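First the structure, in the form of structure tokens, and then the observations on it.
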There are 2 protein chains.
Amino acid sequence: MTRSEENYLKIIFHLGGSDSTPITTNAIAEQMETKPSSVTDMAKKLAEKNLVKYKRYQGVSLTEQGTKTALSIIRKHRLWEVFLVKKLDFSWDEVHEVAEQLEHIKSEKLIDKIDELLEFPKFDPHGDPIPSKDGKFMVRDKQLLSEMSIGSKGVCVGVKDSSAPFLKFLDKNKIALGHTIQVLEIEDFDHSLRIAMEGRELRISHQIASNLYVKKNE
Amino acid sequence: MTRSEENYLKIIFHLGGSDSTPITTNAIAEQMETKPSSVTDMAKKLAEKNLVKYKRYQGVSLTEQGTKTALSIIRKHRLWEVFLVKKLDFSWDEVHEVAEQLEHIKSEKLIDKIDELLEFPKFDPHGDPIPSKDGKFMVRDKQLLSEMSIGSKGVCVGVKDSSAPFLKFLDKNKIALGHTIQVLEIEDFDHSLRIAMEGRELRISHQIASNLYVKKNE
DNA sequence: ATTAAAATTTAGACAAATCTAAAAATAGGT
DNA sequence: ACCTATTTTTAGATTTGTCTAAATTTTAAT
Ligand SMILES: [Mn+2]
Ligand SMILES: [Mn+2]
Ligand SMILES: [Mn+2]
Ligand SMILES: [Mn+2]
């Protein structure tokens, strides 16, 4: 597997899709920051290797083997992110770039030992689940903060947008995973929210709220 | 810098050489496990980037900039090797391959944090010195065991051959860095040695002795 | 000084991954 | 059903790093 093939598989996985709703060439091209014609070439190559199903003009979907491979890359990416944060004091907005490189290191033993060193974490620094060796991962019952009703309480468990600017904004406003949240008020005008978080009260825009995942209290 | 360029620089560094005694095309080709014609192409490219001095038919030597780059790759390689042994319980015969990949990860912060986590080690698991950020490294006063005279004592501080088979052989015979060594007898016939090591007595061939570095006691 | 052997370079080709421009297929609106 | 806009594919070129085979230069022996 080349690095490029691995990146395509990862992106196809993240775009979702299935046999019945394949991923389009353009969607992949946009995520890969490449041209559709390049995607077509790669689609053929991956199909040749039985990693994707591909029919001309009909888009691409992962085979079982392709899914397995994608999950193993994602596993490595997220474990390295945890390593960087927990063991090397990286902040959560710095880890993605480095993990993009580290995810391609080829050594089963290495990633298993990292997993062990970290005591088998189930989620990465952004709240995304870490697949196990056999490709299974926790699906956490979570919803966007923007979809919660007034008065409801929960715990912040993840971010939808994990770009550095958004993560830095959260840091600046002392919003972090694990914090408790209660929705106090939702403005009709702009859908901004007034929330209580760890004793404080703050106002956040609809855009922020629609990029924060919350686990609702029972 | 591409991965290939980095590997060429590293190998040119390891081959020694200087402005007056440049490294030959064939020597590089052999180490890189590639063809001389490929080396010529790369020599031109590296010369273009001012990383080596290159004159047709006259071989290659590193510029100051090339030396700096080579040392930074070697620093990364050796720090990762220490990390694998100390933090992930790899054995010293398993680390080289993985370090060959990890040495190409591009992140200053990452390698500095690894350095810090390891408490700034000065030598790698094979006894080779780890260059500092600014490219300086300890030159240890050491000699080959095969060059020691009868009766002299020392401490085993490094291996010349760090291939897995040799390292495994040392493990099997409980020869490790840090162990004390005294030369008891040298056979005229085959130059094999009888040595005392950590209380035991053992016999080792000339070939083994000429791949073990010892720091002589004053 | 000649000459043969060895080392090195050049020329031309190839695979991987990408691009641009043109052609083909599909999808959506009327 | 038809036409047009969009999507996707093809064809051909480019870059990087490699190769083989042929040509050139160096070296070392006579
Ligand atoms: Mn990430
Ligand atoms: Mn990647
Ligand atoms: Mn090594
Ligand atoms: Mn390398």
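This is a predicted model, so every value here is computed, not measured. So you know, we letter chains A, B, ... as the sequences are listed, proteins then strands, and number each from 1.
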Does any residue of residues 4-13 of chain B have a heavy atom under 4.0 Å from DNA chain C, and if so, which ones, in number order?
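Nucleic-acid contacts, sorted: none.
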
Heavy atom of residues 25-42 of chain A under 4.0 Å from DNA chain C: which residues?
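When residues 25-42 of chain A is checked for heavy atoms under 4.0 Å from DNA chain C, the hits, listed by number, are A:T34, A:K35, A:S37, A:S38, A:D41.
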
I'd like to check the salt bridge (charged side-chain N to carboxylate O under 4.0 Å, His left out) partners of [X]; sequence neighbours left out, ordered by chain and number.
| X | value |
| --- | --- |
| B:D112 | B:R75, B:K133 |
| A:K53 | A:D19 |
| A:D128 | none |
| B:K106 | B:E6 |

Which pairs would a plain distance check flag for residues 23-37 of chain A, meaning a side-chain donor or acceptor within less than 3.5 Å of a matching protein atom at least two apart in sequence or in another chain?
residue, atom, partner, partner atom, Å
A:T24, OG1, A:A27, N, 3.2

Does A:D41 have any side chain to side chain contact (heavy atoms under 4.5 Å, CB included) partners at least two apart in sequence or in another chain, and if so, which?
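So A:D41 forms no side chain to side chain contact (heavy atoms under 4.5 Å, CB included) with any residue.
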
Taking side chain to side chain contact (heavy atoms under 4.5 Å, CB included) as the definition, give me every residue that meets it alongside B:D188, ordered by chain and number, with sequence neighbours left out.
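Scan of B:D188 (side chain to side chain contact (heavy atoms under 4.5 Å, CB included), adjacent residues dropped) gives none.
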
Counting only side-chain N and O atoms of A:K44, is one of them less than 4.0 Å from OP1 or OP2 of D:dT10?
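Answer yes for this pair, as a side-chain N or O of A:K44 is under 4.0 Å from OP1 or OP2.
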
Can you sort out the partners of A:H191 under ring-ring contact (aromatic ring centres under 6.0 Å, His included), two or more places apart, ordered by chain and number?
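Testing A:H191 for ring-ring contact (aromatic ring centres under 6.0 Å, His included), a comparison that skips the adjacent residues, returns A:H206.
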
Salt bridge (Lys or Arg N to Asp or Glu O under 4.0 Å) pairs, two or more places apart, involving residues 8-18 of chain B
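Passing the test, one end in residues 8-18 of chain B: B:K10-B:E100, B:K10-B:E103.
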
Give every pair of a protein N or O atom and an N or O atom of nucleotides 24-28 of chain C that lie under 3.5 Å apart, one pair per line with the distance.
residue, atom, partner, partner atom, Å
C:dA25, O4', A:Y57, OH, 3.2

Without decimals, in angstroms, what is the distance between B:L46 CG and D:dT16 P?
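Answer to the nearest Å: 13 Å.
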
Quick check against the 3.5 Å criterion: does A:R78 have a side-chain atom that pairs as donor or acceptor with the backbone of A:K122?
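Not confirmed, A:R78 side chain does not pair with A:K122 backbone.
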
